[in-house]
Amino acid sequence: MVFSKIKGLSKTEKNLLLNMFGALFVKGLGLVLSLFTMPAYIRFFNDDIVLGLWFTILSVLNWMLYFDFGIGNGLRNCLTKSLAEGDAVKSKQYISSAYVSIGALCILVSIVFLSFSWAINWHAVFNIDSFSVSRNALYKAVCIIFIGILIQLFLRLINSVLYAIQKAAINNFLGLITSLLQVIALFTIPSSNNDTNLIIMAFVNLGAVTIPMLAATIFLFCKKHYRSIAPSIRCFKRVMAKEVLSLGGMFLLAQVFYMIIMNTNEYLITIFAGSAFVVDYQIYYRLFTLPGTLFVLVMAPLWSAVTKAFAERQYRWIKSLYHKILLVSLICIGGAFLIIPLAQPFVNVWLGSAAISMKVLYSVAFAVVSGVMTLNTVFSTFSNGIGDLKIQMVCFSIGAVVKIPLAYCLILLLNSWIGVVWANALALAIYCVVQPFFLKKYINKRG
């Protein structure tokens, strides 16, 4: 029965289904592997203040990944369309223009950062005293991670290419390799003092993130089938770069606002409550976002599939897919709330002697955040796929403006860092309430 239904699917639907299950399987392994990273981090650092600092540095510097002028997402949509049209020359020019543009941006940013970073008081930036980590060690760790982020910014264009050629599962495999390298390093490298540990992990992060993407880039563009679209400086076209940047500019604004809503939690907790509480936040977050993370991975191939279908005017297919995915998202949201009664026994087994006491109200907050993130994934995937970002930009901009003052007020009201999590949920919920009405109207008008 199931096989006969699969047999009756179109080539596009079969490819999409293959990528979705491939992503789910590979990332499922990655999530299982990630469960080992938290206790490994606790063992390696053996100091919650420094471990919280590590998570905060990563969180803050990862903001840089959002400031690519939307080139990655712009390339993803433009390349999907040119490949659907069978235009290899245009596809090569899009890819080459994107790589040259992002390469120039990374070189410029690295020069500016390295020229001024030495004068910044990083202890004040991350709200940590010099007794926990020395000035020299903190500066070195920040510089290593920052350079690693810039290299990642350049290399991760391969992710956009893989999405465009409908090979989304490979992106998840690269994430699995990164997690595997990090876990191996955490279990094999002996722990030392705080300064040494911080610098070692900065180098580990640099290698674990960049090596898989570099290998994937070389492998893909050396394959006979894709050699014709491999990037080349000679194929850089200003008009192509402008087209990618024009579409990417809309994505950039949405990305920046979304980053302020979602990626400031660790930093706000560090500033308002202290870096040690970031460890608690990470434990709750990793546990309660498991269903949502799996859902995000399954959704990853859909963006480019929707873009391709939109270019081919398959509006009814898009409408049908939207309703099916919305139903699946509700199941995932229910899964997040089912974790609440199981949280404490799971954490006891997961972290052993390092287990924290799981508070029910905190668990509810994280289940709500997971649910809102899941709904956001559905609406943003389809709006990004069809290139209609106006509502997303407006709602995310409002959420970004209210997030920080709301977090501060809720921390004072609740007398706890959990106020940041509730502020996160409320800021993101604005989009989840407004976007469905406009998205439904947009799809129905064409379907």
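Judged by distance alone, the side chains of Thr56 and Ser275 never bring a donor and an acceptor atom under 3.5 Å apart. Side chains of Ser91 and Ser82: a donor-acceptor N/O pair is present below 3.5 angstrom, by distance only. When only modelled atom types and interatomic distance are considered, Gln152 and Arg156 share no side-chain donor-acceptor pair under 3.5 Å. Side-chain atoms of Tyr258 and Ser380 include no donor-acceptor pair closer than 3.5 Å.
Proximity of Gln182 to Met201: side-chain heavy atoms (C-beta onward) are nowhere separated by under 4.5 Å. Side chains of Ser383 and Tyr431 form a contact here, defined as non-hydrogen atoms less than 4.5 Å apart. Counting heavy atoms from C-beta outward, Trp317 and Leu321 have side chains that approach closer than 4.5 Å. No side-chain heavy atom of Tyr285 sits under 4.5 Å from any side-chain heavy atom of Asn265. Looking at Phe221 and Ile158, their side chains come closer than 4.5 Å, going by heavy atoms from C-beta outward. Residues Leu206 and Ile145 fail the side-chain proximity criterion, which asks for heavy atoms closer than 4.5 Å.
Here the shortest heavy-atom pairing between Leu75 and Ser160 reads CD2-CB, 4.2 Å. Between Ser329 and Leu326 the shortest heavy-atom distance is OG-O, 2.5 Å. Nearest heavy-atom pair across Asp47 and Asn194 is OD2-ND2, 3.3 Å. Pairing each heavy atom of Gln344 with each of Met358, the nearest pair is OE1-N, 2.5 Å.
Leu105 CG to Leu153 CG: the interatomic distance, rounded to the nearest 0.5 Å, is 6.5 Å. Separation of atoms CG (Leu79) and CG (Leu83) is listed at 4.0 Å; rounding is to 0.5 Å.
Across Ile404, Asn127, Val420, Val125, a single residue satisfies side-chain contact (heavy atoms from CB on, under 4.5 Å) together with Tyr267, and that is Val125.
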